Trainee: 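I'd like to ask some things about the structure below.
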Amino acid sequence: MSHADARRRAVRLRLAILLVAFLPVALLPVQLAAASPANAGETYANRAGALVAPYVEAGLFSGVVLVAKDGQPVFRRAYGLAEREWEISNTPQTHFRIGSLTKAFTAAAVLILAEAGRLGLDDPVRRLVPGLPEAWEGVSLRHLLQHRSGIINFTALPNYYDQIARVDHTPGQIVALVVGEPLLFPPGERFEYSNTNYVLLGMAIEAASGLPYPQVLRDKILTPLGLKETGYDDLTAILPRRASGYRRGRAQWRNAVPMAATSAYAAGALYSTVDDLLSWNEALGGTRLLSAASRAAMFDDRGTGYGLGWFVSRAFARPGEPGSGHRVFGHAGSIPGFLSINDLYPDDRLSVIVLSNTETAPAQKIARDLAALHLGRYEAPEEIVLEDLILDRYPGTYRLGPRAFLTVARDGRGLTARPTGEPATPFVPESDRTFVSRVADMRLTFETEPDGRPTGVILHRDGRDRTGPRVSEEEARAALAAPPATHREVAIDRSGLPALAGRYALAPGREIAVTAQDGRLFAQATGQPRHELFPEGERAFFLRALDAQITFLADEAGRATGLILHQNGYDTEAPRLPDGTPGRPRALDKGRGRQRG
């Protein structure tokens with residue numbers, strides 16, 4: 001048989017109905033096939049269950065998922081363990097820490113007090129919270145609600161998660177952590193997510209009401225709506241059916257880093273269940289809680305992509321057609337051990353809620369896929385069957401960085417790929433050279449010789465491509481066994497540091513902000529703490545808090561044009577963004593890639 005015949009035979013297609021739910025959102029074509037909407041609840045539930053199953057089998061998800069149409073659940077299912085030490089399963093009644101989903105409750109409390117005349121959305125925060133810096137005089141409650149204050153995010157401080165977050169703090173103590181920091185920009189100029197904004201809003205709520213923030217929520221929101229399974233968390237209290245939070249480390253489950261609820265306060269201290277969150281969404285669709293004017297204000301983003309406690313966007317839009325797609329109001333929550341998503345499609349009367357007690361959960365992807373499935377915006381992937389002769393070519397080791405390798409192995413009719421220090425991920429074929437993951441936004445493309453022998457791989461992940469050659473296992477072992485380089489601070493001419501300041505694009509939605517201050521250089525990745533850079537050369541710097549280094553690329557005038565981040569065995573190039581490039585809101589919380597709180 002000729003090579004051409006073998007290729008045609010290898011890529012023959014057959015429709016895989018049972019795989020309809022597995023196509024990742026990031027890979028969806030814009031024009032999607034019109035799958036039938038969920039007019040038969042059992043049919044949708046079966047397909048939704050098939051969609052979630054691979055994430056559970058891959059160890060990426062444990063938690064509870066709920067999809068509701070017109071206020072009635074059409075898919076409601078629990079997965080995995082709420083307590084791993086005693087192997088206690090999650091149930092739909094399990095309580096999860098919901099992180100930044102708290103912000104919508106805080107925003108509602110502000111609107112309720114505004115309706116009562118106790119405060120105004122455009123009131124300066126200093127009028128309600130005394131002792132704030134004079135530099136914050138122009139910051140209004142509306143700026144705080146929409147993350148346009150310019151106040152630095154306290155959860156981005158270098159020692160927040162390993163020190164600050166572990167012990168109880170008063171709101172004043174939290175704000176005191178950042179009062180000495182300058183504003184990132186004049187209030188109202190642009191969007192920059194900051195949990196400090198919502199801590200200040202909690203303090204404003206207490207000042208305007210004369211009551212503690214948890215009591216205001218209980219009296220004004222939770223009790224009137226009958227949300228008996230939602231509350232301000234207290235880790236010293238006995239809470240029935242409380243889920244423990246977990247993370248993955250070196251292919252093993254670990255307990256999440258402890259975090260005191262008061263460290264999140266009005267930015268992220270609530271717990272809830274999927275049923276209570278559905279009742280919450282339904283209440284926001286009517287006038288039980290807020291007036292029509294307040295509800296309109298809550299979901300008015302004024303062009304920033306963020307309303308009052310909610311991200312405002314459109315899903316499944318057609319390119320080049322502004323205003324197409326489905327309106328969606330949503331938010332994510334992320335605190336150690338927990339991830340959550342609450343997406344509300346107001347025009348479709350559709351709610352999609354995902355609560356997870358593991359940091360690895362692709363909660364937003366699961367939620368968006370479930371919505372696509374229900375709205376008839378999901379396209380069934382075509383299953384491609386490859387012969388063993390082709391599949392057997394690709395297993396081996398590929399070098400993606402100085403100390404980063406990808407180990408590829410056969411897995412039934414597909415492959416698995418394991419980056420250094422991470423668990424293996426399954427991949428299925430898209431063609432005879434391209435493979436895609438059903439559980440993560442990852443794609444493998446193999447570079448081959450004319451006879452089909454692979455010489456390298458392109459790994460598409462997190463919005464960027466990494467290319468690496470095929471190497472021997474011995475070469476990989478030698479590279480990983482070599483001791484890491486040592487880094488020592490040297491004296492340099494610090495007058496040139498301001499020329500290195502700027503914003504550098506790591507990947508879509510991710511960047512590094514470099515600032516120069518008092519003869520020192522600092523770097524802060526999106527949603528991460530700020531770290532000082534110590535020089536080991538005129539344009540080479542290292543971090544002491546992390547095993548990471550940065551090398552700046554510069555033009556003839558000495559002005560930085562880009563940088564290379566050396567971390568986790570990879571070298572990642574990041575071009576410099578033009579000065580004045582606006583920040584953009586992101587639909588996920590960051591901190592480890594998401595906003596935290």
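Just so it is clear, the model here is predicted, and its values are computed rather than measured.
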Trainee: Report yes or no: does Ser209 contribute a side-chain atom to a donor-acceptor pair with the main-chain N or O of Ile205 at less than 3.5 Å?
Mentor: yes

Trainee: Are any of the side-chain heavy atoms of Arg166 and Tyr160 separated by less than 4.5 Å?
Mentor: no

Trainee: How many angstroms lie between atom CZ of Arg142 and atom CG of Asp122, to the nearest 0.5 angstrom?
Mentor: 4.5 Å

Trainee: To check you understand the geometry: which heavy-atom pair defines the closest contact between Trp280 and Ile221, and what is its length?
Mentor: CZ3-CG2, 3.8 Å

Trainee: Check this for me, if you would: do Arg242 and Glu229 make a salt bridge, where the nitrogen-to-carboxylate-oxygen distance has to be below 4.0 angstrom?
Mentor: no

Trainee: Among Tyr198, Phe311, Trp310, find the residue that satisfies the ring-ring contact (aromatic ring centres under 6.0 Å, His included) test when tested with His331.
Mentor: Phe311

Trainee: For the backbone of Phe316 and the side chain of Arg377, can you confirm whether one donor and one acceptor N or O come within less than 3.5 Å of each other?
Mentor: yes

Trainee: Measuring only between side-chain heavy atoms, which start at C-beta, is Phe329 closer than 4.5 Å to Asp301?
Mentor: no

Trainee: Between Tyr271 and His95, what is the ring plane arrangement, given parallel below 30°, perpendicular above 60°, and tilted in between?
Mentor: perpendicular

Trainee: Inspect the surroundings of CD in Glu87 and state if more than 12 heavy atoms from other residues, nucleotides or ligands are less than 6.0 Å away.
Mentor: no

Trainee: Side chains of Tyr213 and Thr106: does their closest heavy-atom pair fall under 4.5 Å?
Mentor: yes

Trainee: Is the backbone N or O of Phe61 less than 3.5 Å from a side-chain atom of Thr358, with the two atoms forming a donor-acceptor pair by type?
Mentor: no

Trainee: Is there a donor-acceptor pair under 3.5 Å between the side chain of His531 and the backbone N or O of Leu546?
Mentor: no

Trainee: State whether Arg97 and Asp233 are salt-bridged, where the test is any N-O pair (Lys NZ or Arg NE/NH1/NH2 against Asp/Glu carboxylate O) under 4.0 Å.
Mentor: yes

Trainee: Identify the two heavy atoms, one from Trp136 and one from Arg126, that lie closest to each other, and give their separation to 0.1 Å.
Mentor: C-CD, 3.8 Å

Trainee: Taking the six-membered ring of Tyr246 as reference, does the cationic atom of Arg84 (NZ for Lys, CZ for Arg) lie under 6.0 Å from its centre and within 45° of its axis?
Mentor: yes

Trainee: Are Arg530 and Glu181 ion-paired here, with the side-chain N under 4.0 Å from a carboxylate O?
Mentor: yes

Trainee: Is Glu359 reaching over with its side chain to a backbone N or O of Arg247, donor-acceptor style, under 3.5 angstrom?
Mentor: no

Trainee: Backbone N or O of Ala371 within a donor-acceptor pair of the His374 side chain at under 3.5 Å?
Mentor: no

Trainee: Only one of Val139, Leu144, Leu128 clears side-chain contact (heavy atoms from CB on, under 4.5 Å) with Leu200; which?
Mentor: Leu144

Trainee: Check whether any side-chain heavy atom of Pro73 sits under 4.5 Å from a side-chain heavy atom of Val67, and report yes or no.
Mentor: no

Trainee: Would you say the side-chain atoms of Ser194 pair up with the backbone N or O of Ile151, donor to acceptor, closer than 3.5 Å?
Mentor: yes

Trainee: Could you tell me if the side chain of Pro224 sits less than 4.5 Å from the side chain of Arg288, heavy atoms only?
Mentor: no

Trainee: Taking it one step at a time, do Tyr79 and Asn90 satisfy side-chain contact (heavy atoms from CB on, under 4.5 Å)?
Mentor: CA-CA 6 Å; Tyr79 298 89; Asn90 280 314; over 6 Å; no

Trainee: At what distance, to the nearest 0.5 angstrom, does CZ of Arg544 lie from CG of Leu533?
Mentor: 11.5 Å

Trainee: How far apart are the C-alpha atoms of Val199 and Asn197, what are their side-chain angles, what is the distance that settles it, and do they pass the side-chain contact (heavy atoms from CB on, under 4.5 Å) test?
Mentor: CA-CA 6 Å; Val199 171; Asn197 293 328; over 6 Å; no

Trainee: Which distance, rounded to the nearest 0.5 Å, do you find between the OH of Tyr161 and the CD1 of Ile335?
Mentor: 9.0 Å

Trainee: With side chains defined as the heavy atoms from C-beta onward, is the minimum distance between Leu111 and Leu121 less than 4.5 Å?
Mentor: yes

Trainee: If you look at every heavy atom in Asn153 and Asn195, which pair is closest and at what distance?
Mentor: OD1-N, 3.1 Å

Trainee: Using modelled atom types and a 3.5 Å cut-off, is there a donor and acceptor pairing between side-chain atoms of Asn342 and backbone atoms of Ile353?
Mentor: no

Trainee: Do Val274 and Leu278 have side chains that get closer than 4.5 Å, going by heavy atoms?
Mentor: no

Trainee: Is atom CG of Asp547 surrounded by more than 12 heavy atoms (other residues, nucleotides or ligands) closer than 6.0 Å?
Mentor: no

Trainee: If you compare all heavy atoms of Thr94 against all heavy atoms of Ala82, which two are closest, and at what distance to 0.1 Å?
Mentor: CG2-CB, 4.2 Å

Trainee: I would like to know whether Phe96 and Asn357 meet side-chain contact (heavy atoms from CB on, under 4.5 Å); could you show each step before the answer?
Mentor: CA-CA 7 Å; Phe96 295 83; Asn357 62 325; 3.9 Å; yes

Trainee: Under 6.0 Å from the NZ atom of Lys69, do we count more than 12 heavy atoms belonging to anything else shown?
Mentor: yes

Trainee: Hey, is the main chain of Ser62 close enough, under 3.5 Å, to the side chain of Ser356 for a donor-acceptor pair?
Mentor: yes

Trainee: Taking the side chain as every heavy atom from C-beta outward, state whether Met298 and Leu284 have any atom pair closer than 4.5 Å.
Mentor: yes

Trainee: Residues two or more places apart in sequence or in another chain: which of them pass side chain to side chain donor-acceptor pair (under 3.5 Å) with Gln524?
Mentor: none

Trainee: Test your reading of the model: is there a side-chain donor-acceptor pair from Ser149 to the backbone of His143, 3.5 Å cut-off?
Mentor: no

Trainee: Do NZ/NE/NH1/NH2 and the carboxylate oxygens of Asp348 and Arg327 come within less than 4.0 Å?
Mentor: no

Trainee: Tell me whether Glu282 is salt-bridged to Arg349, with the criterion being a basic N under 4.0 Å from an acidic carboxylate O.
Mentor: yes

